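Okay, so here's the structure we're looking at.
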Amino acid sequence: MSTQTASNSPITNRRRGTIQRWSRTLIPTLREAPAEAVNPSHRLMLRAGCIRQVGAGVYEFLPLGMRVLQKVSQIVREEMDAAGSAEMLMPAIVPLELYADTKRDVEYGDLLFRLTDRHGRGAALGPTHEETVTEMAKGSVSSYKQLPLNVYQIQTKFRDEFRPRAGLLRGREFLMKDAYSFHLSVEGEGGLNETYDRMYQAYVNVFTRCGLDFTVVEAEAGPIGGSASHEFMVNADTGEDTIMVCPATGYAANVEKCEIGERTWSFDKSAPAELTKKHTPGMPGIDLVAEHLGVKPEQMLKTIVFQKVGGEKRKYVLATVRGDHDVNEGKVRDTFGFPVEIADEKEAKEAGFAIGYVSPKMVERRDDTLLVIDPDATAGTWATGADEKDHHVTGFSWSRDLDAELPEQGKQSGRIRVGDIRNAVTGDPSPRNASAKLEAKRGIEVGHIFKLGTKYADAFKFIILDEKQKKQTVIMGCYGIGVSRTVASSVEMSHDDSGIVWPIPIAPYHVIITVMDPDKDEHAKVAADLSEKLADEGVDVIIDDRKERPGVKFKDADLIGIPVRITIGDKALADESVEFKLRTDDGKGRLVEIAHVVQETLSKLSNA
RNA sequence: CGGGGUGUAGCGCAGCUUGGUAGCGCGUCUCGUUCGGGACGAGAAGGUCGGAGGUUCAAAUCCUCUCACCCCGACCA
């Protein structure tokens with residue numbers, strides 16, 4: 001064992017590496033993964049002894065997993081500090097009174113873990129901390145001279161997800177970095193935009209340093225408008241999110257937000273087929289009906305009933321897209337400029353909508369109803385609902401069968417409009433380059449930056465005087481990174497049949513020294529000497545000193561994914577050498593003279 | 001919250017239909033032989049069969065209730 005202390009100097013950041021012995025830490029690797037683990041990251045992190053499940057969506061980090069979590073946290077910390085954010089720590093327990101003004105406890109609903117203390121006072125385990133930090137800032141920032149301000153914390157967050165899944169990817173308890181900034185202006189020096197751009201760059205730095213393959217996408221716009229929100233997505237086929245990418249321009253957006261390039265449209269006047277009513281019992285869904293009628297989903301119209309949010313009288317918005325497309329609520333909202341939500345089924349039925357069998361013709365029967373049609377759902381004849389339970393029609397033509405004024409290109413103002421209201425799909429024209437086509441990819445959201453504006457400052461009446469002695473509501477931004485999710489995403493992105501392949505910057509150890517025979521003094525001595533020298537250079541080393549057969553150690557080394565493996569055995573030692581192998585190399589590695597191993601390791605760790 | 005499924009040793013599973021002393025593989029411990037990609041032999045430890053109630057001479061097995069976990073969907077600042 002080393003007698004040296006962990007750090008060489010109290011004032012430099014030069015960090016001495018860690019030396020750990022496998023036999024003296026806890027890395028319970030498994031040959032078989034628990035049956036419930038389906039995702040690669042979940043399976044492999046369990047098998048590699050990184051984590052263990054304690055309850056639904058609740059995991060403990062064992063020493064190996066903890067080291068990765070710490071490495072990611074440290075990178076986040078360094079980049080946040082460098083970008084001018086100051087670390088702090090807020091409580092996990094948030095008194096319910098803090099939500100009194102924002103009503104987010106209601107908004108969150110069951111997602112909030114609630115608790116009651118012995119005095120009957122209500123509190124929540126913080127799912128995020130906008131309220132807490134706004135209250136904190138309001139109480140301690142009283143002058144414009146203290147702004148801009150940017151603070152962050154790395155802390156466990158709690159969300160009682162309906163359905164936790166995929167191990168660390170969607171847990172009910174997870175480690176998150178959340179930052180909050182405060183400003184008096186959006187533009188200019190010290191403004192929100194400046195900090196937002198710095199956070200954007202800091203996030204790019206963080207995920208690049210973590211060795212992740214990621215895409216920054218535009219996300220649902222914030223209240224201030226413009227490109228007010230970005231998500232950082234790790235590229236992985238197993239991701240839950242769909243992102244759309246334009247290969248020509250680099251434009252990338254979450255499918256929920258992705259624009260679609262210009263599409264031509266017209267209301268075809270030809271009507272080759274007659275309008276015929278068909279009995280389609282118990283078939284509200286597109287697929288069933290299409291099969292029953294013998295048409296393809298893309299020959300059908302899908303009409304979704306939305307209702308205006310707020311307002312005294314119910315106002316309905318019909319959104320019609322082609323049967324194989326999905327309506328995008330945000331785009332429907334933007335068409336008429338007021339927020340909408342899917343209509344309450346019971347209420348809509350009472351109002352006369354045959355939910356499941358609705359056709360666009362409902363717009364001509366009701367004055368309180370608007371209609372928006374996707375360009376791809378215009379020309380041609382269609383199968384659609386008959387506005388009557390268990391019935392559909394075929395041969396529907398807009399120009400022949402709708403007794404209402406249809407919009408024309410470039411001239412839209414009435415109750416019926418044509419516009420982009422659906423989710424983009426692969427092959428759609430890019431919004432930035434008419435001749436390029438969008439491609440869909442899968443991603444895992446690991447970071448999200450957001451311009452909040454005055455939402456929280458308004459709620460908390462966080463107002464301070466500017467230098468002209470004018471009252472200004474403070475403008476805020478918030479910036480999140482899912483730290484534990486980042487760890488899991490890395491495994492999703494980087495693994496093979498043998499196990500995890502950690503990127504060097506977040507690997508729990510940089511080097512594993514596999515000692516073939518720990519009982520042999522020579523083996524043990526070379527391992528000890530090498531590890532000390534590597535640690536002096538800042539390299540983290542684990543010595544596999546277990547009395548196991550070589551095959552077991554090799555398999556485990558691959559499973560836990562350490563980037564560099566140094567094997568100490570008789571054959572190599574006879575040549576004053578050890579075997580040197582990268583996790584990504586095949587075979588048993590090549591001989592490197594002991595005198596050159598440190599050099600070789602450093603060079604591989606810094607170049608790879 | 002809707003649909004489907006599973007709870008038996010640390011992990012993976014069989015046994016349940018047809019009630020009758022709780023089993024297999026891996027792992028763990030001991031001894032021996034082995035020792036460069038998850039060795040072999042012999043022996044051992046380890047389970048109130050998720051929990052509660054019921055039926056029965058007898059329940060892992062049948063019945064009722066309950067809890068937990070997983071998967072699909074809906075949901076996800």
Side-chain angles (χ1 to χ4, degrees), chain A residues 26 28-39 42-43 46-47 49 52-59 99 102-105 107-112 126-131 157 159-167 169-172 174 176 178 180 219-223 228-229 231 239-241 254 256 285 326 329 341-342 345 444-445 447-453 455-456 476-480 482 485 497-499 514-520 523 544 546-559 565 567-573 578-579 581 586-589 591:
Chain A
L26 180 65
T29 57
L30 301 171
R31 291 197 186 192
E32 291 166 295
E36 66 268 15
V38 172
N39 279 67
H42 192 194
R43 286 179 58 83
L46 285 168
R47 283 195 56 209
R52 272 178 73 100
Q53 180 166 12
V54 177
V58 179
Y59 292 82
Y99 293 106
T102 59
K103 295 277 179 278
R104 276 217 302 177
D105 55 332
E107 205 176 298
Y108 268 117
D110 291 337
L111 203 63
L112 209 58
T128 175
H129 282 80
E130 280 82 4
E131 287 84 359
K157 294 288 190 280
R159 295 182 192 177
D160 194 0
E161 296 280 352
F162 294 120
R163 195 190 146 207
R165 75 190 116 180
L169 287 175
R170 183 169 295 280
R172 298 197 296 168
F174 56 96
M176 180 173 174
D178 48 326
Y180 306 90
E220 183 76 6
S229 179
E231 290 169 334
E240 287 186 312
D241 291 290
N254 192 309
E256 292 163 10
D326 289 319
E329 185 178 303
E341 63 192 0
I342 295 266
E345 184 166 336
I444 303 167
E445 180 190 348
H448 196 165
I449 57 178
F450 214 93
K451 293 182 186 178
L452 287 175
K455 177 176 174 182
Y456 294 94
M476 291 173 58
C478 72
Y479 318 92
R485 185 186 274 186
D497 291 345
S498 303
T514 302
V515 184
M516 295 302 296
D517 191 347
D519 284 338
K520 283 194 174 147
H523 291 205
D544 189 352
R546 294 175 299 170
K547 293 182 172 60
E548 289 287 350
R549 294 169 60 86
V552 173
K553 296 188 184 185
F554 293 143
K555 288 283 188 193
D556 273 347
D558 286 346
L559 179 59
R565 191 181 85 200
T567 308
I568 295 174
D570 286 332
K571 293 173 200 166
L573 282 182
V578 295
E579 281 164 33
K581 173 187 171 302
D586 289 330
K588 49 196 292 190
L591 292 185

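Values below: every heavy atom of this structure, side chains too, minus hydrogens, waters and symmetry copies. Lettering of chains follows the sequences in order, A, B, ..., and the numbering in each one begins at 1. In this text the structure is predicted, and so the values were computed from the model without any measurement.
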task: Give none if G23(B) has no partner; otherwise give the nucleotide forming a Watson-Crick or G-U wobble pair with it, both distances under 3.5 Å.
output: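 The answer is C13(B), by the H-bond criterion.
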query: In B/S/- notation, 5' to 3', how is nucleotides 71-77 of chain B contacted by protein heavy atoms closer than 4.0 Å?
result: SBBBBBB
task: For nucleotides 37-45 of chain B, just jot down a letter per nucleotide in 5' to 3' order: B, S or -, based on protein non-hydrogen atoms under 4.0 Å.
output: BBB------
message: Checking His129(A) now: which residues fulfil ring-ring contact (aromatic ring centres under 6.0 Å, His included) with it, not counting sequence neighbours?
response: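 Here no residue qualifies.
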query: Which residues pass the ring-ring contact (aromatic ring centres under 6.0 Å, His included) test with Tyr59(A), sequence neighbours left out?
result: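 Tyr59(A): ring-ring contact (aromatic ring centres under 6.0 Å, His included) contacts with His42(A).
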According to salt bridge (Lys or Arg N to Asp or Glu O under 4.0 Å), who are the partners of [X], at least two apart in sequence or on a separate chain?
X         : value
Glu32(A)  : none
Asp517(A) : none
Asp178(A) : Lys157(A)

- prompt: How would you list, by chain and number, every residue that makes a side chain to side chain donor-acceptor pair (under 3.5 Å) with Asp160(A), sequence neighbours excluded?
  reply: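 Partners of Asp160(A) by the side chain to side chain donor-acceptor pair (under 3.5 Å) criterion, ordered by chain and then number, come out as Arg172(A).
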message: So, using side chain to side chain donor-acceptor pair (under 3.5 Å) as the criterion, who are the partners of Glu131(A) when residues are at least two apart?
response: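 Testing Glu131(A) for side chain to side chain donor-acceptor pair (under 3.5 Å), a comparison that skips the adjacent residues, returns Thr102(A), Arg104(A).
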message: Please give the distance between the P atoms of G47(B) and C24(B) as a whole number of Å.
response: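 G47(B) and C24(B) have their P atoms separated by 15 Å.
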- request: Nearest whole angstrom, please: distance from the P of C70(B) to the CG of Leu46(A).
  value: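 After rounding, the reported distance stands at 11 Å.
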